[in-house]
Colleague: 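This structure is in C-alpha cells; I'll ask about it shortly.
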Amino acid sequence: MGEKPTIAISHLGCEKNRIDTEHMLGLLVNAGYGVDTNEELADYVIVNTCSFIEAAREESVKTLVELAEANKKIVITGCMAQHFQEQLLEELPEAVAVVGTGDYHKIVNVIERAEQGERVKEITPEPTYIADETTPRYRTTTEGVAYLRVAEGCDYRCAFCIIPHLRGNQRSRTIESIVAEAEQLASQGVQEIILISQITTNYGLDIYGKPKLAELIRALGKVKVPWVRMHYAYPTGLTEDVIAAIQETSNFLPYLDLPLQHSHPDILRAMNRPWQGRVNDGIIEKLKKAIPSAVLRTTFIVGFPGETEEHFQHLLEFTQRHEFDHVGVFTFSPEEGTPAYTLSNQIPSEIMAERRNLLMEIQQPISLAKNEQEIGKIVDVLIEQENPETGELIGRCGRFSPEVDGQVYVKGIARLGTIVPVVIESADAYDLYGQIVSN
C-alpha cells in the first residue's frame with residue numbers, strides 16, 4: 001500500500017455545512033490522511049457546496065470549475081451534491097465522487113473507493129444521519145468559538161425554502177449528547193458555543209414528543225463555558241419557559257435571532273408561514289419586556305412573488321417600529337422544486353434590489369443608535385484576530401455573532417481566544433471601537 005493521498009477541503013455555505021466539513025476533516029485525519037489547506041498541493045479536493053439560493057450555487061459552480069481547470073480530483077459534497085448529483089457527474093468529468101448531506105460520515109470509504117478507480121455516488125435520498133459527540137471533528141473556526149449542532153433538518157415547508165428537500169426532516173440529538181460535546185469543547189478552551197440547527201426552538205420535538213429547548217439551555221448552564229449563543233429562534237417557540245431559562249442561565253447570551261422573513265400576514269400566508277402573522281408584533285414586545293437586555297437580530301425577504309408596495313411599506317414600518325439591533329435583508333430567489341418557484345406575480349429584480357436598499361437604509365440609523373448606546377460602557381470582548389501590521393486586536397462582544405454582525409476593534413494587549421473587558425469609545429452602524437481596561 002503506497003502513501004495515502006493528501007486532501008484539501010474547500011468549504012462553501014452555512015455554519016451547519018461547516019460542521020459537516022469539520023467532521024470530514026476529523027474522520028480523514030483519524031484515518032491517517034494528510035489534510036492540506038493548500039488546494040494546489042492536494043491530490044483530492046473536497047468541495048462542500050451550498051445550494052440554498054442562486055448566488056450560492058453560482059459560487060459553488062465557480063469553485064468547482066476552477067478546480068476542474070487545475071486538473072484536480074474533485075469530491076463534491078453538501079447541498080448541491082444532494083440537489084444535482086446526476087448533472088454534476090455529467091458536466092464535471094473531474095468529479096470522482098458525489099456525497100449527499102446525510103452521507104459525509106462515509107468520506108473515508110468514499111476516498112478509498114475513488115482511489116480504486118470507482119466513480120462514487122453516495123447519496124441517501126432522504127437524509128437521516130446526524131453526527132454526535134463521538135464523531136471525530138477538526139475545528140476550523142477561530143480558537144475561541146465553536147458551533148454545536150443540536151438538530152439537523154426541518155419539518156416546516158416554507159414556500160421559498162429548499163432546505164428540507166436537501167437536508168431531510170428534523171432529527172435532534174439528546175440533551176446528554178449535546179452537553180457531552182459542550183463539555184469537550186469547553187475543555188479545549190472554547191469561550192463561546194453557538195447552538196445551531198434549522199430551527200432551534202423546535203429542538204427535541206422529534207425525539208421527546210415536545211420541544212425541550214428550555215431544558216437544554218438549563219443543562220448547558222452547568223457547562224463551564226463563558227458564552228452560549230443560539231441561532232434561529234422562531235418567535236412562536238420562545239415560550240415563557242424558554243424565556244425563563246434564558247433569564248436564569250448566566251452563561252446564555254440574551255441574543256435572539258428571529259428569522260421572521262416578513263411582517264405582512266398576506267405575504268406570510270403566501271410563504272406558508274401563516275402561524276407567524278398573528279404573533280409578530282405582540283411577541284416582540286413581550287420578548288423586550290421579559291428580557292430587557294435582549295439583542296434582537298432578524299432576516300427579511302423582499303420581493304416575494306405578489307409583494308405589493310403596500311406589503312413592503314408594512315415591512316418598512318414594522319422595521320422602524322421594533323428597532324432590531326441587526327437586520328439581514330435578502331432578495332427573493334426563485335428555487336426550482338419549491339412552491340414559490342411557480343407563483344405568478346414574480347417581482348422584477350431591479351424592484352427587489354431597490355426594496356432591499358430602502359429597507360437597509362431605514363435600518364442603518366437604528367443599528368447606529370443601538371451601537372452608540374454602548375459608548376462609555378465596559379463590555380466583555382472575545383479576542384479573535386490580531387492585525388499583524390498595527391497590532392490592533394479584533395473581537396466580538398455578546399451583541400455580535402460571527403460572520404453576520406459587527407466586530408469590536410480593540411487597542412491594548414490580549415491573548416487570542418480570551419475574553420477581556422473593553423471600554424467602548426466610539427461606534428459606527430456596524431462596529432464598535434475601544435480600549436482594553438487594564439486591571
Side-chain angles (χ1 to χ4, degrees), residues 1-14 16-51 56-57 60-61 63-140 149 152-153 165-168 171:
M1 187 61 199
E3 279 292 289
K4 291 198 169 177
T6 56
I7 297 170
I9 297 197
S10 173
H11 165 85
L12 301 145
C14 65
K16 292 161 287 274
N17 215 26
R18 176 173 295 284
I19 290 180
D20 302 346
T21 293
E22 294 179 347
H23 283 306
M24 286 192 281
L25 282 168
L27 289 159
L28 290 163
V29 168
N30 265 24
Y33 286 89
V35 173
D36 202 308
T37 48
N38 186 337
E39 290 161 15
E40 281 171 32
L41 301 177
D43 301 311
Y44 286 84
V45 182
I46 297 171
V47 184
N48 199 4
T49 57
C50 179
S51 201
R57 277 198 295 277
S60 293
V61 169
T63 305
L64 290 168
V65 169
E66 280 166 8
L67 289 165
E69 284 168 355
N71 287 324
K72 286 293 161 196
K73 291 179 186 162
I74 306 170
V75 176
I76 308 173
T77 65
C79 282
M80 206 163 167
Q82 187 75 29
H83 205 165
F84 297 110
Q85 47 173 330
E86 291 305 329
Q87 288 107 302
L88 289 168
L89 287 174
E90 262 166 49
E91 288 170 34
L92 283 167
E94 297 78 5
V96 295
V98 286
V99 180
T101 59
D103 305 276
Y104 58 88
H105 56 298
K106 304 170 192 164
I107 191 65
V108 171
N109 173 262
V110 167
I111 298 288
E112 284 166 359
R113 285 155 62 192
E115 277 287 273
Q116 300 300 314
E118 183 187 340
R119 204 170 188 210
V120 186
K121 275 202 296 197
E122 193 60 72
I123 295 185
T124 305
E126 302 278 326
T128 56
Y129 177 74
I130 182 168
D132 64 16
E133 75 284 6
T134 64
T135 313
R137 180 176 174 189
Y138 180 95
R139 292 209 326 277
T140 60
R149 177 157 48 202
E152 171 63 282
H165 178 65
L166 304 182
R167 295 242 166 201
R171 48 213 183 264

Colleague: Look only at the side chain of Arg113 and the backbone of Glu118, and say whether a donor-acceptor pair between them is shorter than 3.5 Å.
Modeller: no
Colleague: Has Thr6 got a side-chain atom pairing as donor or acceptor with Gly34's backbone, closer than 3.5 angstrom?
Modeller: no
Colleague: With the side chain counted from C-beta on, respond yes when Glu86 and Val98 share a heavy-atom pair under 4.5 Å apart, and no when they do not.
Modeller: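 Of all side-chain heavy-atom pairs linking Val98 with Glu86, none is under 4.5 Å.
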Colleague: Examine distances only and state if a side-chain atom of Lys106 and a backbone atom of Val99 form a donor-acceptor pair shorter than 3.5 Å.
Modeller: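 Checking the backbone N and O of Val99 against the side chain of Lys106, no donor-acceptor pair under 3.5 Å is found.
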Colleague: Which label fits His83 and His165: parallel for a plane angle under 30°, tilted from 30 to 60°, or perpendicular past 60°?
Modeller: perpendicular
Colleague: According to salt bridge (charged side-chain N to carboxylate O under 4.0 Å, His left out), who are the partners of Glu126, at least two apart in sequence or on a separate chain?
Modeller: none
Colleague: Measuring from Arg171:CZ to Glu152:CD, what's the distance to the nearest 0.5 Å?
Modeller: 4.5 Å
Colleague: To the nearest 0.5 angstrom, please state how far the CG atom of Leu27 sits from the CG atom of Asn109.
Modeller: 11.5 Å
Colleague: When rounded to the nearest 0.5 angstrom, what is the spacing between CD1 in Ile111 and CD1 in Ile107?
Modeller: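 The distance works out to 4.5 Å.
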Colleague: For His105, what residues pass the ring-ring contact (aromatic ring centres under 6.0 Å, His included) criterion, not counting sequence neighbours?
Modeller: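 In terms of ring-ring contact (aromatic ring centres under 6.0 Å, His included), with neighbours along the sequence ignored, His105 is linked to Tyr129.
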Colleague: Could you measure the distance from the OG1 atom of Thr63 to the CG atom of Leu12? Nearest 0.5 Å is fine.
Modeller: 4.5 Å
Colleague: Under 3.5 Å, is there a donor-acceptor pair between the side chain of Lys4 and the main chain of Ala31?
Modeller: yes
Colleague: Below 4.5 Å, heavy atoms only, C-beta onward: do Val110 and Asp103 meet side chain to side chain?
Modeller: no
Colleague: Could you tell me if the side chain of Ile7 sits less than 4.5 Å from the side chain of Val75, heavy atoms only?
Modeller: no
Colleague: Would you compute the distance between atom CG of Asn30 and atom OH of Tyr138 and round it to the nearest 0.5 angstrom?
Modeller: 12.0 Å
Colleague: Pick out which of Gln85, Glu91, Glu90 makes a side chain to side chain contact (heavy atoms under 4.5 Å, CB included) with Gln87.
Modeller: Glu91
Colleague: Set out, in order, the CA-CA distance, both residues' side-chain angles and the distance that settles side chain to side chain contact (heavy atoms under 4.5 Å, CB included) for Val45 and Ile9, then state yes or no.
Modeller: CA-CA 6 Å; Val45 182; Ile9 297 197; over 6 Å; no
Colleague: Distance alone, cut at 3.5 Å: any donor-acceptor contact between the side chains of Thr140 and Arg18?
Modeller: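 Arg18 and Thr140 do have a side-chain donor-acceptor pair below 3.5 Å.
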Colleague: Looking at every non-hydrogen atom in both residues, tell me the closest pair between Leu89 and Arg119 and how far apart they are.
Modeller: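 Shortest heavy-atom contact: O-NH2, 2.8 Å.
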Colleague: Closest approach of Tyr44 and Ala114, non-hydrogen atoms and distance?
Modeller: OH-C, 3.7 Å
Colleague: Distance-only, no hydrogens or angles: does the Asn17 side chain make a donor-acceptor pair with backbone N or O of Thr49 under 3.5 Å?
Modeller: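 Checking the backbone N and O of Thr49 against the side chain of Asn17, a donor-acceptor pair under 3.5 Å is found.
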Colleague: What heavy-atom pair brings Arg137 and His23 nearest, and what distance separates the two atoms?
Modeller: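 Heavy-atom minimum between the residues: CB-ND1, 3.7 Å.
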Colleague: Hey, what do you get for CG (Asp20) to CG (Leu25), rounding to the nearest 0.5 Å?
Modeller: 11.0 Å
Colleague: Test Lys72 against Glu94 for side chain to side chain contact (heavy atoms under 4.5 Å, CB included), laying out the working first.
Modeller: CA-CA 7 Å; Lys72 286 293 161 196; Glu94 297 78 5; over 6 Å; no
Colleague: Using side-chain heavy atoms (C-beta onward) and a distance below 4.5 Å, is Met80 in contact with Val61?
Modeller: yes
Colleague: Under 3.5 Å, side chain of Gln82 to main-chain N/O of Thr101, donor-acceptor pair present?
Modeller: yes
Colleague: For the backbone of His11 and the side chain of Asn48, can you confirm whether one donor and one acceptor N or O come within less than 3.5 Å of each other?
Modeller: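 No; judged by distance alone, with no hydrogens or angles, the pair does not exist.
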Colleague: Taking the side chain as every heavy atom from C-beta outward, state whether Thr77 and Tyr104 have any pair of such atoms under 4.5 Å apart.
Modeller: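 No, too far: nothing below the 4.5 Å cut-off.
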Colleague: Look only at the side chain of Arg167 and the backbone of Cys79, and say whether a donor-acceptor pair between them is shorter than 3.5 Å.
Modeller: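 No, the answer is negative, given that no donor and acceptor are paired below the 3.5 Å cut-off.
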